[in-house]
**Q** 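This is the structure I want to talk about, given as structure tokens.
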Amino acid sequence: MSVFTPLTHDQLTEVLAAHGLRLAQATPISEGIENSNYRIDAVDSAGRPLALVLTLFEQLEAEQLPWFCEALSQLAATGLPVPEPRAGRIVQCRGRPTVLVPRLPGTHLQWPDDAALEQIGAALARIHLSPLPASPCPAPPPQAQLQLLFLHHADALSADDQAQAASLMQRWQALDSPPVLCHGDLFRDNVLFDHGQLSGLLDFYNAGPGCPLYDLAITQNDWCRAADNQLAAERDAILLAGYTAVRPLSAEQLALLPLARTVAALRFWLSRLAQPHSAEGTLGQGHKDPQEFEQIYRQRLAALG
Ligand SMILES: Nc1ncnc2c1ncn2[C@@H]1O[C@H](COP(=O)(O)OP(=O)(O)O)[C@@H](O)[C@H]1O
Ligand SMILES: N[C@@H](CCOP(=O)(O)O)C(=O)O
């Protein structure tokens, strides 16, 4: 499970008390590789049970979080099933900021069916149509993350791969598009489905203003794979149909998706190469395989022709 900063029962009790809640039970969550998460059962002052998730942020600082809380509130106001932090309260614990969010129902889909693909396409389009918080994004937004990863970690690639990737990055960065709210990491393990209905869009902490095609490409690379990780054309067509029914794309925009998918794959190859080795005491997943995204990058690159 991924808990990088373990919290004791007393520490969890204190965080819950700061929210006016009593801790009933806490279980470390096994998924995720960025923050520490606990599944929490709590009781409010009226004795009502609450199902929550506690996130302790390993990288983001407390002063960066209000932007993400505002984005989540605005998304929730549009009716999307996002975990809006409780009353925007940020509580420090072990020197790190934490938030409490409602625990949304459902499970992650390993092999989404057509209806799920259509729903995720439509949900992503609705995110892209949601308002951006008025204040500037306090953390690198999705495409700046790609640039920073390339700047600091491209030397982990072979000289040929570096040159190829640099030329793709140049082609991609030359393109311009008005920024929209992007999720930045809409993988299957950040989405919940309950009885066939989309029930949770999670982990907006890589979100920011950016190019919707790049965000769509991140989503396609994970959701529209065949068993060998090649892009599955039928799955892709269904996800795109869901997306464009809500937010139409021009023929010119659609033609840019193969390039977008290649740079999006490069981003996750680099971020997985850049992952710190799990520290002693880390519970759970903690790490994801860079070779998986190396393969996806090479496949998407080959498909570019
Ligand atoms: N609000 C929530 N409701 C239900 N499950 C959640 C919620 N938040 C997180 N989870 C579970 O915890 C896992 C890890 O959360 P995530 O935000 O992806 O961690 P990380 O910040 O490390 O990326 C998710 O894959 C999901 O299974
Ligand atoms: N989705 C990314 C990295 C972040 O993963 P998460 O499970 O912590 O959301 C990847 O697969 O590399």
Side-chain angles (χ1 to χ4, degrees), residues 1-6 26-42 50-60 64-65 68-69 71-73 75-76 80-86 96-110 120 124 139-140 142 145-146 149 153 182-194 197-207 214-215 217-223 225 229 264-276 278-279 282-297:
M1 54 202 75
S2 290
V3 168
F4 303 93
T5 305
T27 322
I29 291 185
S30 50
E31 296 92 2
I33 61 166
E34 290 174 339
N35 297 308
S36 297
N37 291 288
Y38 283 85
R39 205 168 272 115
I40 301 283
D41 291 312
L50 292 172
L52 303 166
V53 168
L54 174 83
T55 299
L56 178 147
F57 294 90
E58 300 289 347
Q59 305 294 334
L60 287 172
Q64 295 175 299
L65 292 175
F68 296 96
C69 295
L72 283 163
S73 296
L75 288 162
L80 284 168
V82 299
E84 194 183 351
R86 275 175 67 85
R96 303 301 314 155
T98 69
V99 295
L100 266 185
V101 299
R103 192 160 82 230
L104 301 175
T107 54
H108 305 294
L109 299 181
Q110 176 69 11
I120 201 66
L124 184 65
Q145 293 179 14
L146 166 67
L149 283 162
H153 299 286
C182 289
H183 182 284
D185 188 22
L186 198 60
F187 279 51
R188 288 162 295 167
D189 60 7
N190 284 328
V191 177
L192 297 168
F193 279 85
D194 191 25
Q197 288 304 307
L198 178 62
S199 55
L201 295 163
L202 308 176
D203 199 6
F204 276 81
Y205 301 105
N206 286 290
Y214 176 67
D215 207 25
I218 290 173
T219 308
Q220 289 175 313
N221 276 342
D222 190 61
W223 287 80
R225 313 175 181 195
N229 283 332
L266 175 66
R267 184 261 188 243
F268 288 96
W269 183 19
L270 288 171
S271 59
R272 288 182 178 198
L273 283 172
Q275 295 166 103
S278 291
T282 298
L283 308 171
Q285 183 180 35
H287 196 266
K288 285 186 174 175
D289 179 14
Q291 282 177 359
E292 184 186 22
F293 263 88
E294 175 181 356
Q295 184 191 35
I296 294 174
Y297 169 72

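Along the sequence shown, residues are numbered consecutively beginning with 1. When a ligand or atom number is given, it counts from 1 through the structure's own listing order.
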**Q** When you measure from the heavy atoms of His108 to every atom of ligand 1, does any distance fall below 4.0 Å?
**A** yes

**Q** My understanding is that we take every heavy atom of each candidate and find the minimum distance to atom 21 (O) of ligand 1. Doing that for Asn35, Leu100, Ile33, which one comes out nearest?
**A** Asn35

**Q** Identify, by atom number and element, the atoms of ligand 2 in contact range of Asn190, meaning under 4.0 Å from any of its heavy atoms.
**A** 9 (O)

**Q** Could you walk me through whether Leu75 and His183 pass side-chain contact (heavy atoms from CB on, under 4.5 Å), step by step?
**A** CA-CA 11 Å; Leu75 288 162; His183 182 284; over 6 Å; no

**Q** Is the closest N or O pair between Ser271 and ligand 2 shorter than 3.5 Å?
**A** no

**Q** Please name the residue in the list Thr219, Asp215, Asp222, Ile218 that meets the side chain to side chain contact (heavy atoms under 4.5 Å, CB included) test with Leu186.
**A** Thr219

**Q** Can you list the atoms of ligand 2 that are under 4.0 Å from a heavy atom of Phe268?
**A** 2 (C), 10 (C), 12 (O)

**Q** Any chance you could measure Asp203, atom CG, to Asn37, atom CG, to the nearest 0.5 Å?
**A** 8.0 Å

**Q** Working to the nearest 0.5 Å, report the span between CZ of Phe187 and CG of Asn206.
**A** 10.0 Å

**Q** Can Glu84 and Val101 be said to form a side-chain contact (heavy atoms from CB on, under 4.5 Å), step by step?
**A** CA-CA 6 Å; Glu84 194 183 351; Val101 299; over 6 Å; no

**Q** Looking at Asp185, which atoms of ligand 2 are within less than 4.0 Å of one of its heavy atoms?
**A** 1 (N), 2 (C), 4 (C), 5 (O), 9 (O)

**Q** Within this structure, what is the CD-CG distance for the pair Gln295 and Asp289, rounded to the nearest 0.5 Å?
**A** 9.5 Å

**Q** Polar contacts were defined as any N/O atom of the residue lying under 3.5 Å from an N/O atom of the ligand; does this apply to Pro102 and ligand 1?
**A** yes

**Q** One pair to check against side-chain contact (heavy atoms from CB on, under 4.5 Å): Leu56 and Phe4. What are the steps and the verdict?
**A** CA-CA 9 Å; Leu56 178 147; Phe4 303 93; over 6 Å; no

**Q** Would you check if His153 and Leu273 make a side-chain contact, meaning some heavy-atom pair closer than 4.5 Å?
**A** no

**Q** Does the N or O separation between Phe293 and ligand 2 drop below 3.5 Å for any pair?
**A** no

**Q** Is there a heavy atom in Glu31 that sits closer than 4.0 Å to ligand 2?
**A** no

**Q** For side-chain contact (heavy atoms from CB on, under 4.5 Å), just list the numbers for Phe68 and Leu60, CA-CA rounded to whole Å, side-chain angles, deciding distance to a tenth of an Å, and then say yes or no.
**A** CA-CA 10 Å; Phe68 296 96; Leu60 287 172; 4.0 Å; yes

**Q** Just say parallel, tilted or perpendicular for the rings of Trp269 and Tyr297, cut-offs at 30° and 60°.
**A** tilted

**Q** Numbering the atoms of ligand 1 from 1, which are under 4.0 Å from a heavy atom of Leu192?
**A** 4 (C)

**Q** With rounding to the nearest 0.5 Å, note down the distance linking CD in Glu34 to CD in Glu58.
**A** 10.5 Å

**Q** Can you list the atoms of ligand 1 that are under 4.0 Å from a heavy atom of Glu31?
**A** 13 (C), 14 (C), 25 (O), 27 (O)

**Q** May I ask you to list the atoms of ligand 1 that are less than 4.0 angstrom from any heavy atom of Val101?
**A** 1 (N)

**Q** Taking non-hydrogen atoms only, is Asp185 closer than 4.0 angstrom to ligand 1 via side chain, backbone, both or neither?
**A** neither

**Q** Please report whether ligand 1 has a polar contact with Arg103, defined as an N or O pair separated by less than 3.5 Å (distance criterion only).
**A** no

**Q** Report, in ascending order of atom number, the atoms of ligand 2 lying under 4.0 Å from any heavy atom of Phe187.
**A** 1 (N), 10 (C), 11 (O)

**Q** Which of the numbered atoms in ligand 2 are below 4.0 angstrom from a heavy atom of Asp203?
**A** 9 (O)

**Q** With a 4.0 Å cut-off on heavy atoms, is Thr55 in contact with ligand 1?
**A** no

**Q** Would you give the length of the straight line joining atom CG of Leu146 to atom CG of Leu270, rounded to the nearest 0.5 angstrom?
**A** 7.5 Å

**Q** Taking atom 6 (P) of ligand 2 as the point of reference, which of Arg267, Lys288, Glu34 owns the nearest heavy atom?
**A** Lys288

**Q** Asn190 heavy atoms, cut-off 4.0 Å: which ligand 1 atoms fall inside?
**A** 18 (O)

**Q** What pair of heavy atoms forms the shortest contact from Pro83 to Leu72, and how long is it?
**A** O-CD1, 3.7 Å

**Q** Does an N or O from Leu104, backbone or side chain, lie closer than 3.5 Å to an N or O of ligand 1?
**A** yes

**Q** Any idea which atoms of ligand 2 are less than 4.0 Å away from a heavy-atom of Arg272?
**A** 10 (C), 11 (O), 12 (O)

